[in-house]
Engineer: 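Please see the structure below; I have some questions.
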2 protein chains.
Amino acid sequence: MARVGITAERLTRAAADLADEIGFQNVTVSALARGFGVKPAALYAHIKDVQDLRIRVAVLALAELADRAAAALAGRDGKDALVAFANAYRDYAKEHPGRYAATQVELEMVDTGAGIRHSEMTRALLRGYDLPEPDQTDAVRMLHSTFHGYVSLERVGGFRRHPREVEASWSRTLDALDAVLRNWPPA
Amino acid sequence: MARVGITAERLTRAAADLADEIGFQNVTVSALARGFGVKPAALYAHIKDVQDLRIRVAVLALAELADRAAAALAGRDGKDALVAFANAYRDYAKEHPGRYAATQVELEMVDTGAGIRHSEMTRALLRGYDLPEPDQTDAVRMLHSTFHGYVSLERVGGFRRHPREVEASWSRTLDALDAVLRNWPPA
DNA sequence: TAGTCGTCCCTAATAGCATTAGGCAACTAA
DNA sequence: TTAGTTGCCTAATGCTATTAGGGACGACTA
């Protein structure tokens, strides 16, 4: 039949787009094949299996997220950097819910450096707060947790019970994080 | 054949146990039926479909989590309450990863009050910090985000790159949260 | 005690998904 | 032009969810 010109990269990008549309969990080899107008079996020449596909999407998303974070951080420090980073993170998750969900797959198989870059990025964010180790590591973990947790709960509808604007709470949460970083408690 | 005495409640509990063993995503009607020694079709007399089953597990888990939190909070306030609550939350997630994962299903269909109780619990945690509204709501959201984010990233292996003990970072994160609650930044 | 009825589980069927094996045709290079 | 590789196909297996209809068991009833 018609040769469509499928590559692993095109599949990964298409899978990522599909994830954003219909949800990461619903990304299926069959659905992906339909999008390319080919039979499911055709894709196995390019990907190992569904798990492989999911991991490729995760790596793609982590790279994109790191790019956004790096751009947001450029030329800023202190609270400016914190807010820019946090908003880049949250905006990415909102624009690309499927891609973001992909980043939460078991990362055991992903440590191709995609996560490392992410971690270094968060660390760079702490420029201007002047935290010694190991407090820096603790702060990085706390920040990452808070960002991920907020985005995750927001997406799943965890904040819908109270009238208080989710935006306002986000902003105040960043204020609080800034405050605690500037005044990190002694061990 | 043999009447096994299946009820929706027994199914839900079994599904929750199964989720803890093999992962929430792998809880299937077929696997659940196997556990009871019956055919998959038999379960449809008790549950509507898989989605229904998942939601029941989510409601169960949210109730159990709220129970733990309430017990942890009893008779405490201030940092004691914060630490007890946070540890109860995290311990539950570690002991029951499948149940915990269930709580993250789209909560749209779950608002049977299970989530509301959870939210009130977190609010009760703030006794002793004396925060006025709307700061209290913001703080509740921040705390919940941090707890969920930490547990979630820990489970998925997000903290494995640095040698720093995950326990130590958790403890310091709680210190930081206590500090920021005692000294909540002005708007 | 015998009959009736509803509940519970079964079999059978349809349909979607993942995955592998083997075939054929199209593009590529000698 | 021909040989070979590559890309997509068909076919098959086995898992999953879900619905429809049947039979047996247990409980109530006369």
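Values below: all heavy atoms of this structure, side chains included; hydrogens, waters and symmetry mates excluded. Proteins get letters first, then strands, A, B, ... in listed order; numbering begins at 1 in each.
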Engineer: Rounding to an integer number of Å, can you tell me how far B:Lys39 NZ sits from D:dA24 P?
Structural biologist: 17 Å

Engineer: Starting at CG of A:Asn26 and ending at C1' of D:dA17, how long is that distance when rounded to a whole Å?
Structural biologist: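 Between C1' of D:dA17 and CG of A:Asn26: 15 Å.
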
Engineer: Going by an N to O cut-off under 4.0 Å, is there a salt bridge joining A:Arg172 and A:Asp175?
Structural biologist: yes

Engineer: For residues A:Tyr100 and A:Tyr89, establish whether the separation of their ring centroids is below 6.0 Å.
Structural biologist: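 Yes, they do, as the ring centres are separated by less than 6.0 Å.
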
Engineer: Round to a whole Å and report the spacing from OH of B:Tyr44 to C1' of C:dA12.
Structural biologist: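 These atoms are roughly 15 Å apart.
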
Engineer: Quick check: do B:Tyr92 and B:Asn87 have side-chain heavy atoms less than 4.5 Å from each other?
Structural biologist: no

Engineer: Does OP1 or OP2 of D:dC15 have a side-chain N or O of B:Thr28 closer than 4.0 Å?
Structural biologist: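 False: B:Thr28 side-chain N/O out of range (4.0 Å or more) of D:dC15 OP1/OP2.
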
Engineer: What nucleic acid atoms does B:Ala41 come within less than 4.0 Å of, heavy atoms only: base, sugar-phosphate, or nothing?
Structural biologist: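 Base, at least one base atom sits under 4.0 Å.
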
Engineer: Using whole Å, what does the distance between atom C1' of nucleotide C:dT20 and atom CG of A:Leu43 come to?
Structural biologist: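 Distance, rounded to whole Å: 14 Å.
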
Engineer: Closest to the B:Val29 side chain: C:dA18, D:dC8, D:dT18?
Structural biologist: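 Output: D:dT18.
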
Engineer: Let me know the distance between CD1 of B:Ile6 and P of C:dC8, rounded to the nearest Å.
Structural biologist: 10 Å

Engineer: Taking CD1 from A:Ile22 and C1' from C:dC17, how many angstroms apart are they, rounded to a whole number?
Structural biologist: 13 Å

Engineer: For A:Arg68, is there an ion pair with A:Glu95 - N to carboxylate O distance below 4.0 angstrom?
Structural biologist: yes

Engineer: Please state how far atom CG in B:Leu32 lies from atom P in D:dT16, giving the value in whole angstrom units.
Structural biologist: 12 Å

Engineer: So which one's nearest nucleotide on DNA chain C is more toward 5', A:Val50 or B:Ala45?
Structural biologist: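 Counting from the 5' end, the first nearest nucleotide belongs to B:Ala45.
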
Engineer: Using atom CG of B:Leu11 as one end and atom C1' of C:dC8 as the other, report the distance to the nearest whole Å.
Structural biologist: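 Atom-to-atom, B:Leu11 to C:dC8, this comes out as 13 Å.
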
Engineer: What pairs meet the salt bridge (Lys or Arg N to Asp or Glu O under 4.0 Å) rule with one or both residues in residues 42-55 of chain B, with sequence neighbours excluded?
Structural biologist: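 Listed once each, the pairs are B:Asp52-B:Arg56.
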
Engineer: Need one value for B:Arg34: base, sugar-phosphate or nothing, where a base atom within 4.0 Å counts as base even if backbone is also close, heavy atoms only.
Structural biologist: sugar-phosphate

Engineer: Answer yes or no: does a side-chain N or O of A:His46 lie under 4.0 Å from OP1 or OP2 of D:dC8?
Structural biologist: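 For A:His46, the contact criterion (side-chain N or O under 4.0 Å from OP1 or OP2 of D:dC8) is met.
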
